[in-house]
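Note sheet for the following structure.
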Amino acid sequence: TALLLSSVPELDPDWLTDILKARNYKEIDMKIIWLGHGSFRIEIEDRVMLIDPWLNGNPLFPAEKRQEALHGITDILISHGHFDHTNDTIEIAKETNAPISGIADLMSYWEESEGVTTTGFNKGGTVNLGNVKVTMVNAVHSSSMMKNGQIMYTGAEAGFVIEGENNTIYFSGDTDVMADMEIINDLHKPNIGILSCGGHFTMDMKRAAYAAKKYFNFEKLIPCHYKTFPLLEQNADVLIEELGSNIVVEPEVMSPIEL
């Protein structure tokens with residue numbers, strides 16, 4: 001008996017963690033972390049993704065949290081070219097060596113002009129990022145950036161469907177309500193929604209609630225693209241009133257939502 005017991009590893013936390021990782025178990029579930037405005041960090045499967053990273057100059061993002069937000073990132077997803085979605089992308093990509101995925105036009109431009117690694121695809125296309133599937137879907141908005149004092153076309157605006165951890169996330173990107181949402185739901189059946197809801201530049205809370213009720217069956221809905229400026233909606237009260245607090249999860253910057 002003594003011999004048998006002596007061969008059993010001591011059950012310390014580090015040993016258990018190594019075994020869990022080796023067997024592809026996870027100690028915690030998927031995390032969705034709001035970085036303010038339309039920016040997110042999503043920890044899912046074997047990936048740590050930044051979506052539309054705007055950290056420098058983002059009124060909601062605490063500058064001292066930058067390294068925490070960037071820690072371990074494996075991928076950057078870009079929905080469109082506007083500054084409040086791309087402002088830090090090149091700097092972060094060069095700092096972390098994380099590849100950027102997004103609309104083919106902008107990715108080709110960045111790869112040639114900035115020397116970063118990109119994956120360009122288009123609406124209806126799906127890419128595999130590790131164990132995560134990302135499909136680009138339609139959005140109704142605009143997409144451009146300033147270059148040498150001139151407005152530059154950056155390809156079309158888009159949203160993403162992200163699949164992993166037995167969840168399907170619909171990230172709307174900047175958009176209004178659109179009939180395509182019915183197709184997105186029919187094809188992908190997302191159980192988690194991340195919708196731009198601030199109004200003026202995107203749907204407001206009322207229109208987002210309409211979209212959620214008419215086209216989707218979300219288990220959880222996370223509003224974004226609000227609170228940033230006085231011009232945008234400052235709370236999600238209307239969304240909660242329409243859908244219920246059991247569905248709507250108001251995010252706090254750098255506070256993980258675990259699902």
Side-chain angles (χ1 to χ4, degrees), residues 17-18 20-22 24 26-58 60-122 125-136 143 145-147 152 154-155 157-165 167 169 171 173 194 224 253-254 256-257:
T17 298
D18 291 342
L20 289 170
K21 287 180 178 177
N24 294 317
K26 294 179 72 70
E27 297 174 87
I28 52 178
D29 293 327
M30 176 180 70
K31 289 183 180 180
I32 298 175
I33 303 170
W34 191 39
L35 307 180
H37 200 58
S39 304
F40 283 85
R41 172 188 170 105
I42 299 181
E43 301 176 13
I44 178 171
E45 295 283 358
D46 57 342
R47 316 310 285 177
V48 179
M49 299 178 171
L50 287 187
I51 305 182
D52 289 354
W54 178 35
L55 307 183
N56 295 323
N58 181 342
L60 297 180
F61 183 79
E64 67 274 11
K65 294 286 189 178
R66 185 177 187 277
Q67 288 306 312
E68 183 180 342
L70 300 186
H71 178 71
I73 69 165
T74 59
D75 304 275
I76 304 170
L77 296 178
I78 297 296
S79 69
H80 66 292
H82 289 159
F83 82 94
D84 53 332
H85 297 258
T86 62
N87 199 50
D88 298 304
T89 305
I90 299 302
E91 179 182 352
I92 292 171
K94 290 181 176 180
E95 179 180 337
T96 64
N97 292 317
I100 312 167
S101 298
I103 198 80
D105 314 60
L106 181 56
M107 297 302 105
S108 296
Y109 171 74
W110 272 343
E111 189 157 315
E112 182 176 343
S113 65
E114 300 290 347
V116 292
T117 301
T118 70
T119 297
F121 61 130
N122 219 309
T126 299
V127 295
N128 293 313
L129 303 178
N131 295 330
V132 180
K133 289 176 59 177
V134 179
T135 301
M136 185 180 293
S143 183
M145 62 175 55
M146 295 298 295
K147 188 71 174 179
M152 185 183 80
T154 54
E157 63 280 8
F160 297 109
V161 174
I162 302 167
E163 298 178 60
E165 304 274 5
N167 287 299
I169 304 167
F171 179 85
I194 302 176
C224 68
V253 173
M254 290 300 294
I257 300 169

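Scope of the values below: all heavy atoms of this structure, side chains included, with no hydrogens, waters or symmetry mates.
- Panel note: side chain Thr74, backbone Arg47; no donor-acceptor pair is recorded below 3.5 Å.
- With values rounded to the nearest 0.5 angstrom, Tyr109 atom OH is found 3.5 Å from Lys147 atom NZ.
- In this structure the side chain of Ile169 reaches within 4.5 angstrom of the side chain of Ile32, judged on heavy atoms.
- Sequence neighbours left out, the pairs with a member in residues 96-114 that pass salt bridge (Lys or Arg N to Asp or Glu O under 4.0 Å) are Lys94-Glu114.
- In this pair, Trp34 and Phe40 present their aromatic rings tilted. The plane angle is within the 30 to 60° band.
- Atom NZ of Lys31 and atom CD of Glu43 lie 5.0 Å apart (nearest 0.5 Å).
- How far OG1 of Thr135 is from CG of Asn128: 9.0 Å, rounded to the nearest 0.5 Å.
- Taking CE of Met145 as the start and OG1 of Thr86 as the end, the distance is 4.0 Å to the nearest 0.5 Å.
- Qualifying side-chain hydrogen bond (donor to acceptor under 3.5 Å, both in side chains) partners for Glu64, counting only residues two or more places apart in sequence or in other chains: none.
- Residues His37 and Asp84 have side chains that bring a donor and an acceptor to within less than 3.5 angstrom of each other.
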(request) Please test Ile73 against Ile92 for side-chain contact (heavy atoms from CB on, under 4.5 Å), starting from the C-alpha separation and ending with a verdict. (result) CA-CA 10 Å; Ile73 69 165; Ile92 292 171; 3.7 Å; yes
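- With a 4.5 Å cut-off on side-chain heavy atoms, Thr126 and Val161 do not count as touching.
- Shortest non-hydrogen contact noted between Ala93 and Val116 is CB-CG1, 4.1 Å.
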(message) Could you walk me through whether Met49 and Val134 satisfy the side-chain contact (heavy atoms from CB on, under 4.5 Å) test, starting with their C-alpha distance in whole Å, then the side-chain angles of each, then the deciding distance to 0.1 Å, before giving a yes or no?
(response) CA-CA 11 Å; Met49 299 178 171; Val134 179; 4.0 Å; yes
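- Aromatic ring pairs are classed by plane angle as parallel below 30°, tilted from 30° to 60° and perpendicular above 60°; the pair Phe83 and Trp54 is perpendicular.
- Here the side chain of Arg41 pairs a donor or acceptor atom with the backbone of His71 at under 3.5 angstrom.
- For Trp110, the ring-ring contact (aromatic ring centres under 6.0 Å, His included) test picks out no residue, with sequence neighbours left out.
- Under the rule for a side-chain contact (heavy atoms from CB on, under 4.5 Å), Ser108 has no partner lying at least two apart in sequence or in another chain.
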(request) Determine, step by step, whether Leu50 and Leu35 satisfy the side-chain contact (heavy atoms from CB on, under 4.5 Å) criterion, reporting the C-alpha distance in whole Å, the side-chain angles of both residues, the deciding distance to 0.1 Å, and the verdict. (result) CA-CA 9 Å; Leu50 287 187; Leu35 307 180; 3.9 Å; yes
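- Side-chain atoms of Ser79 do not come within 3.5 Å of backbone N or O of Gly159 as any donor-acceptor pair.
- By the side-chain contact (heavy atoms from CB on, under 4.5 Å) test, Asn97 is found to be paired with no residue, residues two or more places apart in sequence or in another chain being considered.
- With sequence neighbours left out, the side-chain contact (heavy atoms from CB on, under 4.5 Å) criterion links Ser101 to Leu77, Thr119, Phe121, Leu129.
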(message) What verdict does the side-chain contact (heavy atoms from CB on, under 4.5 Å) test give for Ile33 and Met254, after you've listed the backbone C-alpha separation in whole Å, the side-chain angles of each residue and the deciding distance to 0.1 Å?
(response) CA-CA 6 Å; Ile33 303 170; Met254 290 300 294; 4.2 Å; yes
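- Side-chain N or O atoms of Thr154 include none that pairs as donor or acceptor with a backbone N or O of Leu106 at under 3.5 Å.
- Smallest separation of non-hydrogen atoms from Gly38 and Cys224: CA-SG, 4.4 Å.
- A heavy-atom distance below 4.5 Å is found between the side chains of Ile51 and Ile162.
- A distance-only check finds a donor-acceptor pair linking the side chain of Glu165 to the backbone of Glu45 [under 3.5 Å].
- Closest non-hydrogen pair, Met136 versus Ala158, comes out as CG-CB, 3.5 Å.
- Contact detail for Asp46 and Asn131: the closest heavy-atom pair is OD1-N, 2.9 Å.
- The main-chain N or O of Leu55 is found under 3.5 Å from a side-chain atom of Asp88 such that the two form a donor-acceptor pair.
- The two residues Ser143 and Gly155 have their closest heavy-atom pair at CB-O, 3.0 Å.
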